[in-house]
2 protein chains.
Amino acid sequence: MELAEAKSKFVETWGKLGSEWGINRTMAQVHALLLITPGELTTEEIMEKLSISRGNANMTLRDLIGWGLVEKQHKPGERKEYFFADKDAWKIAQQVAKERSKRELDPVIKVLDELTKVQGDINDPEFKTFNKSVTDINKLAKNVNRTLEIMLKADGNWFWKGIFKLFK
Amino acid sequence: MELAEAKSKFVETWGKLGSEWGINRTMAQVHALLLITPGELTTEEIMEKLSISRGNANMTLRDLIGWGLVEKQHKPGERKEYFFADKDAWKIAQQVAKERSKRELDPVIKVLDELTKVQGDINDPEFKTFNKSVTDINKLAKNVNRTLEIMLKADGNWFWKGIFKLFK
DNA sequence: CTAAACTTTCAAAAAGTTCTGAAAGTTTAT
DNA sequence: ATAAACTTTCAGAACTTTTTGAAAGTTTAG
């Protein structure tokens, strides 16, 4: 496979995975493009390479900055803004985990905490089933949360080593 | 909070989480409804409780069965089909992990494996960056995959115990 | 101050996804 | 064989999300 072909395949695959996981396809593609680009890119270059509009490029880049995945850079003497992505895979994973857990998991845990407090007649099967399901899911969500906290503090190597020790 | 209110809050919250994670909102809601229902429900009852059409209910239930989250039940002497959800939170998590990794992670790993094989000039920064990013992401994806495999075999209690030992 | 170079905004259009409901299909009982 | 009870299908409608592009805004240089 040619390098050029491989690059577009990477961008395409990353975009597809993103959209399956609730991340805007274009956003994932712009990120992918920056990941395989040695230096920085301007808005103009991104628009061109991915055939997207100026508005789309601008908003997507802003979102990526909001996710902590991309940084703006200014070059001395230049007016243009350059965009650059951190290429450390473990850091990217940490950043995504951090944001998604903050934006999506935390609010759910908050609701589940409230729902576990709902009182009812323990002999009512409706209440019993509700209470059990909510309580169990809440526990699971909290375990996931604690695990993510470990992951966010950890060095990648150390983390996986620990996980794989579980095997033996 | 009233039980009735709590129930709809649960269904709504689950639906929202689902849609943020690339799972159809209605599908997550139907699953939530079945999770807090002691017995089984008919298509008719689901349609009514969630105000959705027959077609939607039917397709959603089929999908949920495809995900291994819901089962059809037949009652002797009855023509209707009843639907029932396994309520064990750990099993649900395993099932979702299994399906998503099969449907989404595996195909990506297959592409990444191909892309890591692409040959190029090690002095070309374009190639170097491409190769490094792809290789690193591939490694990460494989670690995730191995971890999911452990999770799929494991008992929930044992799995979390192991994870939290990482702390000390 | 003015113009050029660039970025941001946002209303409307396009694209993508989900839902409806009526018709077709299937199964079972008589 | 017929009818009743139920399930499945799918074309089009409704809804949601994403994208465009032109206008407005901002910054810098002279």
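Note on naming: letters A, B, ... go to the chains in the order of the sequence lines (proteins, then strands), and numbering restarts at 1 for each one. Side chains are part of it too, since the values below use all heavy atoms of this structure and drop only hydrogens, waters and symmetry mates.
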Student: Over how many whole Å does the gap from Asn56(B) atom CG to dA13(D) atom P extend?
Tutor: 18 Å
Student: Give one of base, sugar-phosphate or nothing for Ser19(A), where a contact means two heavy atoms less than 4.0 Å apart.
Tutor: nothing
Student: Looking at dC6(C), dT7(D), dT19(D), which one has an atom nearest to any side-chain atom of Lys80(A)?
Tutor: dC6(C)
Student: Starting from C1' on dA29(C), measure out to CD on Glu78(B) and report it in whole angstrom.
Tutor: 15 Å
Student: Please determine, for the side chain of Thr43(A), which listed nucleotide (dT18(C), dT7(C), dT8(C)) has the closest atom?
Tutor: dT7(C)
Student: Under 4.0 Å, heavy atoms only, any strand: does Glu81(A) hit a base, just the sugar-phosphate, or nothing?
Tutor: sugar-phosphate
Student: So, are Asp124(A) and Lys128(A) salt-bridged, with charged N and O less than 4.0 Å apart?
Tutor: no
Student: Over all strands shown, is Thr60(A) touching base, sugar-phosphate only, or nothing at heavy-atom distances under 4.0 angstrom?
Tutor: nothing
Student: What is the distance from CG of Asn24(A) to P of dT16(D), rounded to the nearest Å?
Tutor: 18 Å
Student: Which nucleotide, dC10(D), dT8(D), dG21(D), lies nearest any side-chain atom of Arg54(B)?
Tutor: dT8(D)
Student: Once you measure the plane-to-plane angle for Trp90(A) and Phe159(A), does it fall in the parallel (<30°), tilted (30-60°) or perpendicular (>60°) bin?
Tutor: tilted
Student: Can you check the Leu50(B) CG to dT18(C) P distance for me, whole Å?
Tutor: 16 Å
Student: Nearest of dT20(C), dT20(D), dT8(C) to any side-chain atom of Asn58(A)?
Tutor: dT8(C)
Student: Looking only at atom types and distance, does a side-chain atom of Thr129(B) sit under 3.5 Å from a main-chain N or O of Glu126(B), one as donor and one as acceptor?
Tutor: no
Student: Round to the nearest Å and state the distance from Glu44(A) atom CD to dT8(C) atom P.
Tutor: 13 Å
Student: Hey, does the side chain of Lys72(A) come within less than 4.0 Å of dC6(C)'s phosphate (OP1/OP2), counting only N and O?
Tutor: no
Student: How long is the straight-line distance from CH2 of Trp21(A) back to CZ of Arg100(B), given to the nearest 0.5 Å?
Tutor: 4.0 Å
Student: Can you measure Lys16(B) atom NZ to dT17(D) atom C1' for me and round it to whole angstrom units?
Tutor: 16 Å
Student: Restricting to non-hydrogen atoms, name the atom on Phe130(A) and the atom on Leu115(A) that form the minimum distance, rounded to 0.1 Å.
Tutor: CE2-O, 3.8 Å
Student: If you check the Arg79(A) side chain, which of dT28(D), dT7(C), dC6(D) turns out closest?
Tutor: dT28(D)
Student: Quick check: on DNA chain C, is the nucleotide nearest Gly55(B) upstream (toward 5') of the one nearest Ile23(B), or the reverse? Name the residue that is more 5'.
Tutor: Ile23(B)
Student: Between Phe83(A) and Arg25(A), which residue's closest nucleotide on DNA chain C lies nearer the 5′ terminus?
Tutor: Phe83(A)
Student: Between dT20(C), dC10(D), dT19(D), which one does the side chain of Ile52(B) approach most closely?
Tutor: dT20(C)
Student: From CE of Met47(A) over to C1' of dA22(D), roughly how many Å is that when rounded to an integer?
Tutor: 12 Å
Student: Could you give the CD-to-P distance, from Gln29(A) to dT18(D), as a whole number of Å?
Tutor: 13 Å
